[in-house]
There are 2 protein chains.
Amino acid sequence: MDTNWSVRLDPETRTLGSRAASRLRELIRDGVLAPGTRLPAEPELARRLGVSRPTLRAAVTELIGDLLLVRRRGVGTFVSAAPRPAHGLERLTGTGRDIALRGQRPGTTGLRVRHVLANPALAAALCVEPGVPVVQLTRTRTADGVPVAHCADWVPTDLLPEPGALDAFGAEESLHDRLAALGLPLRQAVTRLVPVVPDADLRDRLDLASDAPLLLLEQRHFPVAPGDRVALFSRHWYDTARIDLQLVRRG
Amino acid sequence: MDTNWSVRLDPETRTLGSRAASRLRELIRDGVLAPGTRLPAEPELARRLGVSRPTLRAAVTELIGDLLLVRRRGVGTFVSAAPRPAHGLERLTGTGRDIALRGQRPGTTGLRVRHVLANPALAAALCVEPGVPVVQLTRTRTADGVPVAHCADWVPTDLLPEPGALDAFGAEESLHDRLAALGLPLRQAVTRLVPVVPDADLRDRLDLASDAPLLLLEQRHFPVAPGDRVALFSRHWYDTARIDLQLVRRG
DNA sequence: GAGTGGTCTAGACCACCAG
DNA sequence: TGGTGGTCTAGACCACTCC
């Protein structure tokens, strides 16, 4: 293995630490840094990446969060022996991007955009008054063509720059990206986990043979943090037999 | 409200940033910093707490993670309007402590400690050879006397200082605390979420009337990080009708 | 003792938001 | 325009691990 690599960071996107993290991710993915390898000491690694040590540490911490690296005090930093390919539920990304990160091809069927008035339950979830206008999106997500989740999303119309901003939403678009472009980034979500038995409609949409239970993720999304307005409420029903839902917990 | 407070940090525990975070937590809990209040600017706040600005920022970041504070660039840092009382699944604590943090009284019934040999499935989960000796704990957890989860835990015997180290495990003890005392802290877990229909045994142990689905948390616990030996494998079946399982996700 | 990661500091410059 | 948080740096000292 080439042990004398060094890299340059492209000067544009995100923070310097995240760019350094991306670069390390590539080096790991490409096998330059093989599983189990010890990385150079932090000052040396910082020098090679052209950043300061605190910035390098931010990058390494990010990769540790993704379970790609392990730090051992007084010993060194190592590439994980068996790195998990993607991240877990603790990280908030769009469903489509989540599927793509697993190495599968995301798709959408049965997309429908409607304008509705919030019923009491929905109003409570969105922290608005009942009867307030809301844009409702429903669609079924597929991974490599196999339906894995049915998704329903609701956005209060008054948070959009114009009421029809989502009317032309495309089947292959990312709702996260579209809302971010509209000035409604989804940075945080509080998610309730509920196992449910699918009804006939869900069985049909997900093409389920049995009535094995699904996992419902009921999520309130916030642009910055709770206390702000709820930007999006969603109910996503996952068929965990077809898509594994994992989570990394830290003490 | 007193707006001219300043504090000293006790010099002992944890990192300086965490101690500063604790101090801020107290100020919020005691109402010195009321919900919605803007905090002093970071350099000023750092001065009052007697730490540098990066250290203060670590403290504030910690409290933002606990949803107690909100940062707005160019505006200020604010105490959350409606802080959530407890944390979600993204944080790893023992089941008992988790129940206590919800303000309920944790309890245990049907505790049983057995020495078994790993079958192939268990061996794979623990990353050991089939037939390796393992200590198995099973118990049902209650909150205010109501059964909320049935738990099965497995620890490879060779990781214990002596094979019988868990034989005298008490019904009201914390397995997390006991393992930490034995030199096996559980700092991280990779959790699979699986909705399941309870069998007759589970219905009986959890005193369930219906066969509404449960949420199974299948967890591999690591002392430091993946790549290490699996210190504990567990299967916990939660009745989400009796105990709400939530999760905070960040983008 | 030599080398590693863990922590903390002081100071700088920038991007953003409000008046 | 002035104040805020966002980022980054260089350097220091400590605690731990291993030889």
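The structure presented is a predicted model; accordingly, all values stated were derived computationally and were not measured. Here is how names work: the chains are called A, B, and so on, in the same order as the sequence lines, proteins then strands, and each is numbered from 1. Hydrogens, waters and symmetry mates are skipped; everything else that's a heavy atom, side chains included, is used.
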- Query: Would you say the side-chain atoms of His236(A) and Asp153(A) include a donor-acceptor pair closer than 3.5 Å?
  - Reply: yes

Contact list (N/O, under 3.5 angstrom) for nucleotides 2-5 of chain C vs protein:
from, atom 1, to, atom 2, distance (Å)
dG3(C), N2, Gly74(A), O, 3.3
dG5(C), OP1, Thr77(A), N, 3.3
dG5(C), OP1, Thr77(A), OG1, 3.2
dG5(C), OP2, Glu42(A), N, 2.9

Separation of dT9(C) atom P from Leu45(B) atom CG, nearest Å, is 13 Å

Atom CZ of Arg47(A) and atom P of dT9(D) are separated, to the nearest Å, by 15 Å

Checklist entry - So, is Thr55(B) close to the dT9(C) phosphate, meaning a side-chain N or O under 4.0 Å from OP1 or OP2? => result yes

Hey, are Asp167(B) and His115(B) close enough side-chain-wise for a donor-acceptor pair under 3.5 Å? yes

Arg220(B) meets the side-chain contact (heavy atoms from CB on, under 4.5 Å) criterion, sequence neighbours left out, with Cys127(B), Phe222(B), Val230(B), Phe233(B)

*Regarding Arg178(B) and the six-membered ring of Phe169(B), is the cationic atom NZ or CZ under 6.0 Å from the ring centre and inside 45° of its axis?*
no

Whole-Å distance, Leu49(B) CG to dA10(C) P, equals 14 Å

| said: Ring of Phe78(A), cation from Arg72(A) - is the NZ or CZ under 6.0 Å from the centre and inside 45° of the axis? | reply: yes

Rounded to whole Å, CZ of Arg187(A) lies from P of dG6(D) at a distance of 10 Å

**Polar side-chain atom of Ser18(B) near backbone of Thr15(B) as donor-acceptor pair, under 3.5 Å** = no

Taken to the nearest whole Å, CG/Leu56(A) to P/dG6(C) is 11 Å

